[in-house]
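Here's the structure, in structure tokens; my notes come after.
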Amino acid sequence: MKTYDDALERCYAGLEEKIKECALSVDIGRVRAAFETAVDSHSGQLRRDGSPYVTHTVAAAEIAVEMGLDEDSIVSALLHDTLEDTSLQYDDIARQFGPSVAAIVDGVTKLTRINFTSREEAQMENMRKMLMAMSEDIRVILIKLADRLHNMRTMDFQTPEKQRLKSLETMQIYAPIAHRLGMQRIKWELEDLSLMYLDPIGYKSILDMLDRRRDDLEKFMDSMEKKISSRLSDWGIECTISRRLKHLYSIYRKMYTQKLDLSEIFDLCALRVTVESLSDCYNVLGQIHDMFKPVPGRFKDYISTPKPNGYQSLHTTVIGSEGIPFEVQIRTWEMHRTAEYGVAAHWKYKSGSAGVRDGDEEKFAWVRRLLELQQTSDATDFLSGLKVDMFADEVFVFSPKGDVISLPAGATPIDFAYSIHSAVGNSMVGAKVNGRIVPIDYAMRNGDIVEILTSKAASGPSRDWLKIARSGSARSKIKQWFKKERREENIVQGREMLDAELKRCGISMAEVSEYDLMPIILRRLSLSSVDDVYAAIGYGGITATKTANRLRDELQKAHKQSSARTPLDKLNEAAERRVEQKRAQKPRAVQGVLVAGLDNCLIKFARCCTPVPGDEIVGFITRGYGVSVHRTDCANHINGRLDPDGGGRWIDVSWANETNESYTTTLKICSKERNGLVMDIATALTSINAKVHSLLARDVGGGCAQTTVTLEVKNLFDLQLIINRIQAISGVTEVSRSGN
Ligand code: MN
């Protein structure tokens with residue numbers, strides 16, 4: 001054993017102590033060896049605060065210990081930056097610490113190399129998925145989280161730009177992953193640290209507000225805790241009560257997204273009652289609801305329905321003394337560990353304190369158990385985020401600009417090119433992956449950076465590409481190309497084929513044109529020209545036999561009609577045609593609305609009053625957006641008429657006689673607050689097949705609730721039916737339309 005200077009030895013001693021403290025059964029000799037390897041290979045490297053670099057990897061290892069990870073994980077955490085930053089090689093690690101450690105360190109290194117920095121939110125889910133998919137061993141992602149947590153804790157010395165970028169990445173990528181893995185503690189800390197750098201002013205203001213209220217809150221919680229604990233001990237329920245202040249970022253989010261004041265946040269402070277058994281959870285709940293008045297709608301049973309990430313607890317909010325509401329969470333110790341450490345808790349506590357030893361059998365036993373546990377609940381979200389097998393059918397690669405593209409597993413550069421645009425695929429002449437030219441059938445791997453080489457002189461896809469491409473969309477785009485490029489050829493061939501087939505049926509082309517049968521066939525096939533029909537036959541999209549049979553049927557029909565027609569029929573037909581022509585001359589309705597003196601202008605329906613056919617309406621000529629249609633009783637119309645600037649821009653509009661359109665409109669429902677009301681409204685709407693776009697209920701105080709429903713109707717009659725139906729629901733006091 002080597003000895004290093006005091007500071008380093010002290011740092012290492014901290015790690016050993018933590019291992020003892022957490023009662024992990026770990027071969028200390030191996031941990032020490034990893035420490036020495038890390039110190040030697042990082043020797044001379046300093047962190048920005050001037051401390052030796054290895055203090056960072058020791059700290060990451062300590063976090064891994066706190067998570068309850070196994071020996072290989074602790075060793076890997078100590079070595080996690082050696083492949084990236086030192087001359088140590090994969091083989092060196094494998095030789096000294098085994099293949100499993102080498103694979104984990106290699107995995108962490110790959111994640112570190114990816115630049116996740118901010119892109120639009122749509123990309124983020126793919127980013128998170130890719131990161132999970134690349135972590136072929138779940139320990140990779142857990143160590144990456146430990147690494148990131150320590151880096152976030154020590155960002156003071158970084159430049160403001162780097163602080164902001166890393167915080168954004170943490171908020172968008174790592175905190176959601178920690179959440180998905182059920183690791184609340186890590187998630188909270190990551191979010192709070194990120195917030196501190198992303199919005200220092202917002203962060204500080206919440207911190208100050210909390211500080212100002214802290215004494216009062218503590219006093220209040222003390223007295224609530226005392227009450228509960230004496231009651232529970234009277235009833236002989238053994239429990240531990242602890243409390244927590246809501247973490248800063250979730251207060252921040254509530255205040256900003258729901259525009260709440262700090263005083264309006266119910267669960268600022270929560271008491272947690274931890275008990276031994278499941279039945280005690282419900283006993284405690286009963287006692288608490290007996291002592292305090294519960295706030296309606298705030299009770300949640302995550303025990304019978306766990307959250308997708310495995311979280312279980314009972315939550316309730318009750319009114320304490322002086323009318324102050326507070327939240328109580330009730331759970332067993334086992335649920336508590338899962339809540340704090342997520343998947344890692346299963347590692348530690350389900351596999352015994354010895355941790356997981358090598359051997360494939362045991363390695364992922366806990367994952368399997370966890371999955372079994374999850375299968376009883378709605379776990380799709382969790383499963384889809386958990387592990388690599390979940391993504392076995394997907395591969396995630398980067399475009400040169402850094403966008404993540406998800407493709408089917410085994411996808412080739414051809415799939416990639418067509419996923420960007422068919423023009424890119426059609427002009428592709430080659431591809432580079434990670435800067436090197438690859439064959440066109442190269443199977444892409446997670447994290448590859450793919451660049452497509454194109455040329456204007458490219459001759460288009462080859463037939464072989466159909467065999468190489470793995471995605472249906474690439475194949476259909478290639479087929480499309482052949483269809484289009486060979487059009488002339490196809491038309492000639494198709495015409496010959498149809499002619500031959502018609503001859504076989506005893507029909508001549510002359511007859512087909514005499515009875516004008518082609519338009520009928522075109523309509524049937526949704527094609528626009530006769531050439532299209534030939535091309536489709538030539539390409540094989542439709543068969544000549546079928547087309548000829550159709551023509552024969554139509555011809556027979558036409559024969560029958562012409563022999564049965566009397567002169568009177570012919571007169572009627574002429575009259576019908578005239579009516580038809582006249583109708584065609586009338587101004588055309590747009591979206592069911594006719595505008596006086598204007599044909600075919602842009603129509604939009606005012607959002608303030610959402611008119612539907614049957615309402616009296618009026619139009620307003622907007623600047624640049626056509627005519628906006630209001631109800632005549634809309635407040636905006638009534639007030640707008642008086643406006644000297646806008647008064648002249650109102651114009652007569654009317655509903656067309658027949659419309660087949662649906663119109664979106666909004667209803668406001670006032671009601672008494674009661675349990676199940678929203679459910680009743682939803683049920684009523686479903687029972688009459690209303691097309692509901694959104695339904696939003698909120699408490700407006702005074703025991704009243706307001707529900708806003710946006711739905712689609714054909715006309716006022718439909719709408720009135722819906723209104724009547726809602727009015728019949730008990731507790732509903734008023735149903736009105738928006739706009740007045
Ligand atoms: Mn690191």
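Each ligand, and each atom within it, is numbered from 1 in the order the structure gives.
Seen from the ring of F157, R47 does not count as a face-on cation partner, given the 6.0 Å and 45° thresholds.
The pair E169-R148 counts as a salt bridge, with a side-chain nitrogen and a carboxylate oxygen less than 4.0 angstrom apart. Using a cutoff of 4.0 Å between basic side-chain nitrogens and carboxylate oxygens, D208 and R214 are not scored as salt-bridged.
Residue H150: no N/O/S atom is found under 2.8 Å from the Mn ion (ligand 1).
Taking the six-membered ring for Trp, H150 and H80 have ring centres at least 6.0 Å apart.
Closest N/O/S atom of H56 to the Mn ion (ligand 1): NE2. Restricting D147 to its N, O or S atoms, the one at the least distance from the Mn ion (ligand 1) is OD1. Among the heteroatoms counted here (N, O or S) of D81, OD2 is the one nearest to the Mn ion (ligand 1).
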